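Structure, as structure tokens:
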Amino acid sequence: MQTSLRLLRPLLIREWRETYAGSFFGGAWNLVQPLLFVLLYWWVFSAVWKMRLPASGTDGSELPFIVFLLSAMLPWMAFQESLVRGVSSVVAKADVLRHSPFPAALYPLSRVLAAHGTYVLVMIVAWAALWVAGMMPTTPWMLIAALLWLGLQALFALGLAWLLAALAVYLRDLIHAVAMVMTFLLFTAPILYPLSQVPEAWRAVVWMHPFTPFAEGFHAILLHGAMPSMLSVGLGFAYTALALLLGYSLFRKLQAGFVDVL
């Protein structure tokens, strides 16, 4: 365990360097990329489609769409990058695994930590700026709660990354499929629209979405200054425990054959 932890830090540093190797702006893309996507979705849903959000707060004022968007969209981007990069983490290190007994489980872990570590800085800046501007109806303590909720999301992503990375060694098409599935999941979770606008007959189905408990948790914390509902907490912890158990168990079971297949 101690050896693995010592190896994790240089692996994270190398992961970050490889991501931006050869780019002129380097780590600045950490801010530019999410900002461009947020602006794109804000323009489409707010400026073009004129999406109206339910009134919030005691004064009955309408919540700005950009605030709603930033509350769950930034965590989603960290989650999405964790899985899109995590699924290929073992396959991408085939040469290393063939010639050294490196603990393969660290590769998905490093990519999940790198993704969430990258976006957490963006989240802190964006959420704090909205709070200071009086646009985000929450409290400083709730901002800390949001980061703790993000930690649970990272554990959920880690379990899925272990699962997908192990399967991708044997099913390479999975690497390409994950990116398409993530696009589908984005539009079927209450990230770009509030759950209240989903037809009531479909809300139970939407709650089964793996990211819905986390999105609704961020909405509760950041938009209402309240802790996530019992349903969000229960499903969030259940999904995370299941993902970690299945993901790590399957990874441990399949990794003995990684070198033969890679």
Side-chain angles (χ1 to χ4, degrees), residues 1-21 30 75-120 149-186 208-211 213-214 235-262:
M1 177 63 72
Q2 292 182 350
T3 302
S4 297
L5 292 177
R6 285 198 301 268
L7 291 171
L8 182 59
R9 183 174 179 273
L11 187 60
L12 278 171
I13 296 174
R14 184 174 180 179
E15 181 72 30
W16 189 86
R17 287 176 176 172
E18 289 180 351
T19 301
Y20 300 103
N30 294 340
W76 164 261
M77 288 180 173
F79 181 75
Q80 176 178 257
E81 184 169 334
S82 295
L83 299 191
V84 170
R85 292 180 56 79
V87 65
S88 62
S89 58
V90 175
V91 173
K93 302 298 182 181
D95 290 339
V96 177
L97 293 175
R98 289 195 201 101
H99 300 96
S100 69
F102 194 90
L106 290 184
Y107 289 126
L109 173 60
S110 66
R111 294 202 168 179
V112 171
L113 290 178
H116 281 78
T118 294
Y119 279 94
V120 73
W149 191 243
L150 182 69
L152 182 67
Q153 173 190 297
L155 290 175
F156 178 49
L158 175 59
L160 295 179
W162 273 330
L163 177 69
L164 294 172
L167 292 175
V169 174
Y170 301 89
L171 301 170
R172 301 297 173 87
D173 289 343
L174 193 60
I175 297 175
H176 306 287
V178 166
M180 293 187 294
V181 171
M182 296 306 292
T183 301
F184 172 81
L185 291 177
L186 169 62
M208 296 173 63
H209 190 293
F211 197 76
F214 296 97
L235 287 176
F237 275 93
Y239 287 169
T240 301
L242 184 62
L244 287 172
L245 178 62
L246 291 179
Y248 191 65
S249 298
L250 185 65
F251 195 96
R252 289 286 301 272
K253 183 177 181 179
L254 296 181
Q255 70 175 344
F258 284 175
V259 176
D260 296 332
V261 178
L262 294 171

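Nothing here was measured: the structure is a model prediction, and the numbers come from that model.
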**Rounded distance [0.5 Å steps], CG in L171 versus CG in L164** = 11.0 Å
Show me the side-chain donor-acceptor pairs of residues 247-262 shorter than 3.5 Å, one per line, residues at least two apart or across chains.
{"residue": "Y248", "atom": "OH", "partner": "R252", "partner atom": "NH1", "Å": "3.3"}
{"residue": "S249", "atom": "OG", "partner": "L245", "partner atom": "O", "Å": "2.6"}

**Message:** Show the nearest heavy-atom pair for residues A104 and L97, with the distance to one decimal.
**Reply:** CB-CD2, 4.0 Å
**Message:** Keeping R111 on the side-chain end and R85 on the backbone end, is there a donor-acceptor pair under 3.5 Å?
**Reply:** yes
**Message:** The criterion is side chain to side chain contact (heavy atoms under 4.5 Å, CB included); which residues satisfy it with Q80, sequence neighbours excluded?
**Reply:** W76, V84, M182
**Request:** Specify the closest pair of heavy atoms between Y239 and M208, including all atoms of both residues, with the distance to one decimal.
**Result:** OH-O, 3.3 Å
**Item:** Sequence neighbours excluded - side chain to side chain donor-acceptor pair (under 3.5 Å) pairs with any residue from residues 152-171
**Value:** H116-Q153
**Fill in**
Taken to the nearest 0.5 Å, the spacing of L155 CG from L150 CG works out to 10.0 Å
**Request:** Applying side chain to side chain donor-acceptor pair (under 3.5 Å), name anything that partners R172, two or more places apart in sequence or on another chain.
**Result:** none
**Asked** Can you tell me how far the CG atom of L158 sits from the CG atom of L83, to the nearest 0.5 Å?
**Response** 10.0 Å
**Message:** As an exercise, state the distance from CZ of F214 to NE2 of H209, rounded to the nearest 0.5 Å.
**Reply:** 12.0 Å
**Message:** Show the nearest heavy-atom pair for residues G86 and A165, with the distance to one decimal.
**Reply:** O-CB, 3.4 Å
**Prompt:** Can you tell me how far the CG atom of L242 sits from the CG atom of L160, to the nearest 0.5 Å?
**Reply:** 9.0 Å
**Asked** Is a side-chain N or O of Y107 found less than 3.5 angstrom from the main chain of S88, in a donor-acceptor match?
**Response** no
**Item:** Nearest heavy-atom neighbours spanning A115 and S82
**Value:** CB-OG, 3.4 Å
**Item:** Geometric class of the F79/F156 ring pair [parallel <30°, tilted 30-60°, perpendicular >60°]
**Value:** parallel
**Asked** Which atoms form the tightest heavy-atom contact between L174 and A168, and what is the distance?
**Response** CD2-N, 4.0 Å
**Contacts of type side chain to side chain donor-acceptor pair (under 3.5 Å), residue T240, not counting sequence neighbours** = none
**Message:** Please enumerate all residues that pass salt bridge (Lys or Arg N to Asp or Glu O under 4.0 Å) together with R98, with sequence neighbours excluded.
**Reply:** D95
